[in-house]
Amino acid sequence: MSFDRSVKIAPSILAADFANFGAECRAVEAQGADWIHIDVMDGHFVPNLTFGPPMCAALRPHIHTVMDVHLMIAPVDPFIEAYAAAGADILTAHVEAGPHIHRTLQAIRGAGMRAGLALNPGTPAEAALGLLDMVDLVCVMTVNPGFGGQRFIHSQVEKVRSLRAAIGDRPVHIEIDGGVDRETAPLVVEAGADVLVAGSAVFRGGSVDEPAAYGTNMAAIRAAI
Ligand code: DX5
Ligand code: ZN
């Protein structure tokens, strides 16, 4: 994975057909997805439950771009090796997930993955400042994590701007997660984001049998920015 700041769309499979994830990943990549975003939830850190390392391992052969795994779990550390073995390219942990995020980020890189740091909407940009030299990505949550299809929280745009200034010329992506669509994407790109996670706005209106809508939906987001 080389670093560049061009805008990338990372469809979240949380909005895909749960009975057909492999085919959904292939379909959305064929329609132009830059990364695939996988939302791991534990029913504890967030009030919803999805899937874990075996699902990521099963999906690995179906993903030819970047497997971007977003952990909404606590604790994180006991599971890091399992996600490395499953083939995650990027592993993102929440700063709110425990008292030792510094150790967690070290362990993620130590396991050979890129390290991501996610911030909930209620957490200020300052929480990331001491960690910018040990991350490859900062994920700004623009909804409260746990569910797809929620409304974008506009107060987060200024947080993106602050983080972009703080990152300077470090090779660190700013990823936006939650409520990204053709209306909100331009706001966060203008503020400095380069990775746009989008679930409902990408998968809406399509299916593995009718995947053209995925391409149309992503093209609409790209055209808006
Ligand atoms: C929310 C997840 C998001 C979510 C995005 O907890 O982290 O990745 O699935 O879905 P949309 O784009 O529908 O807000
Ligand atoms: Zn996510």
Side-chain angles (χ1 to χ4, degrees), residues 7-18 21 24-25 28 31 33-52 55-56 59 63 65-74 76 83 88-97 108 113-123 135-157 159-160 173-189 193-206 213-214 217-218 220-222 224-225:
V7 175
K8 291 161 280 293
I9 298 183
S12 162
I13 62 165
L14 197 58
D17 175 2
F18 269 50
F21 280 136
E24 289 278 39
C25 290
V28 81
Q31 292 293 324
D34 296 291
W35 295 5
I36 300 290
H37 184 83
I38 301 183
D39 286 307
V40 175
M41 304 187 187
D42 67 352
H44 163 75
F45 180 69
V46 290
N48 196 6
L49 196 58
T50 55
F51 29 73
M55 174 69 90
C56 293
L59 287 180
I63 295 174
T65 57
V66 171
M67 185 191 271
D68 174 33
V69 179
H70 177 195
L71 298 181
M72 287 162 274
I73 68 172
V76 171
Y83 285 99
D89 295 301
I90 303 173
L91 194 66
T92 295
H94 271 259
V95 70
E96 305 86 2
I108 292 172
M113 296 173 284
R114 305 281 170 124
L117 175 68
L119 307 181
N120 278 335
T123 300
V135 298
D136 301 285
L137 175 151
V138 177
C139 173
V140 177
M141 293 302 304
T142 40
V143 299
N144 285 296
F147 303 94
Q150 302 183 82
R151 285 173 68 90
F152 181 90
I153 302 173
H154 281 265
S155 61
Q156 302 307 301
V157 176
K159 188 154 106 189
V160 175
H173 299 289
I174 297 183
E175 176 177 78
I176 306 299
D177 192 0
V180 172
D181 59 20
R182 68 183 82 176
E183 265 81 52
T184 56
L187 309 175
V188 289
V189 168
D194 65 303
V195 183
L196 304 177
V197 175
S200 11
V202 169
F203 286 97
R204 175 180 302 137
Y214 302 162
N217 291 340
M218 288 188 279
I221 295 171
R222 285 189 219 279
I225 57 184

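All values derive from a computational prediction rather than experimental measurement. Because only heavy atoms are used, hydrogens play no part in the values below, and waters and symmetry mates are left out as well, while side chains stay in. Counting convention: from 1, in listed order, for ligands and their atoms alike. FYI, the numbering just counts along the sequence from 1.
The ligand atoms of ligand 1 that sit less than 4.0 angstrom from a heavy atom of M72 are 6 (O), 7 (O). Close approach of ligand 1 to G178 is summarised as follows: ligand atoms under 4.0 Å from at least one heavy atom of the residue are 14 (O). In summary, the atoms of ligand 1 found under 4.0 Å from a heavy atom of V197, numbered by their order in the structure, are 8 (O). Every atom of ligand 1 with a heavy atom of M41 under 4.0 Å away is listed here by number and element: 6 (O). The contact set between ligand 1 and H37, taken as ligand atoms under 4.0 Å from a residue heavy atom, comprises 8 (O). Those atoms of ligand 1 that come under 4.0 Å of a heavy atom in P145, given as number and element, are 6 (O). The contact set between ligand 1 and L14, taken as ligand atoms under 4.0 Å from a residue heavy atom, comprises 9 (O). Heavy-atom contacts of S12 reach the following atoms of ligand 1: 8 (O), 9 (O) (cutoff under 4.0 Å).
Among protein heavy atoms, atom 10 (O) of ligand 1 sits closest to G148 CA, 3.7 Å. Of the protein's heavy atoms, F147 O, 3.6 Å lies nearest to atom 1 (C) of ligand 1. Scanning the protein for heavy atoms near atom 13 (O) of ligand 1, the closest one is S200 OG, 2.4 Å. Of the protein's non-hydrogen atoms, G199 N, 2.7 Å is the one closest to atom 12 (O) of ligand 1. The single protein non-hydrogen atom nearest to atom 6 (O) of ligand 1 is G146 N, 2.8 Å, given as residue, atom name and distance.
The closest non-hydrogen atom to atom 4 (C) of ligand 1, taken over T50, V143, D177, comes from D177.
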Inset, instruction - Before giving the answer on side chain to side chain contact (heavy atoms under 4.5 Å, CB included), spell out for V160 and I176 the whole-Å C-alpha distance, their side-chain angles and the decisive distance to 0.1 Å. - result: CA-CA 9 Å; V160 175; I176 306 299; 3.6 Å; yes
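The nearest N/O/S atom of H70 to the Zn ion (ligand 2) is ND1. With respect to the Zn ion (ligand 2), D39 has OD1 as its nearest N, O or S atom.
The two residues E96 and A118 have their closest heavy-atom pair at OE1-O, 3.8 Å. Residues V46 and D42 come closest through the heavy atom pair N-OD1, 3.6 Å. Here the closest heavy-atom approach between residue I221 and residue V202 is recorded as CD1-CG2, 4.4 Å.
The shortest distance between side-chain heavy atoms of L91 and L71 falls below 4.5 Å. Put simply, the side chain of V66 does not reach to within 4.5 Å of the side chain of R114, judged on heavy atoms.
By the 30° and 60° cut-offs, the orientation of the rings of H94 relative to H70 is parallel. In this structure, F21 and F18 have tilted ring planes: the angle between them lies in the 30° to 60° band.
In terms of polar-atom proximity, H70 is counted as a contact of ligand 1, with an N or O under 3.5 Å from an N or O of the ligand. The shortest N or O to N or O distance between G149 and ligand 1 is under 3.5 Å.
Not a single donor-acceptor pair under 3.5 Å links the side chain of N48 to the backbone N or O of M41. For E175 (side chain) and V195 (main-chain N/O), no donor-acceptor pair under 3.5 Å exists by modelled atom type. No donor-acceptor distance shorter than 3.5 angstrom exists from the side chain of D194 to the backbone of H173, with no hydrogens or angles considered.
Within the structure, the closest approach of G179 to ligand 1 falls below 4.0 Å when heavy atoms are considered. Taking 4.0 Å as the cut-off, A201 does not count as a neighbour of ligand 1 on heavy-atom distance.
Atom OG1 of T65 is separated from atom CD1 of I9 by 12.5 Å, given to the nearest 0.5 angstrom.
With no hydrogens or angles considered, no side-chain donor-acceptor pair links D39 and T50 at under 3.5 Å.
With the Zn ion (ligand 2) as the vertex, OD2 of D177 and NE2 of H37 span 100° to the nearest 10°.
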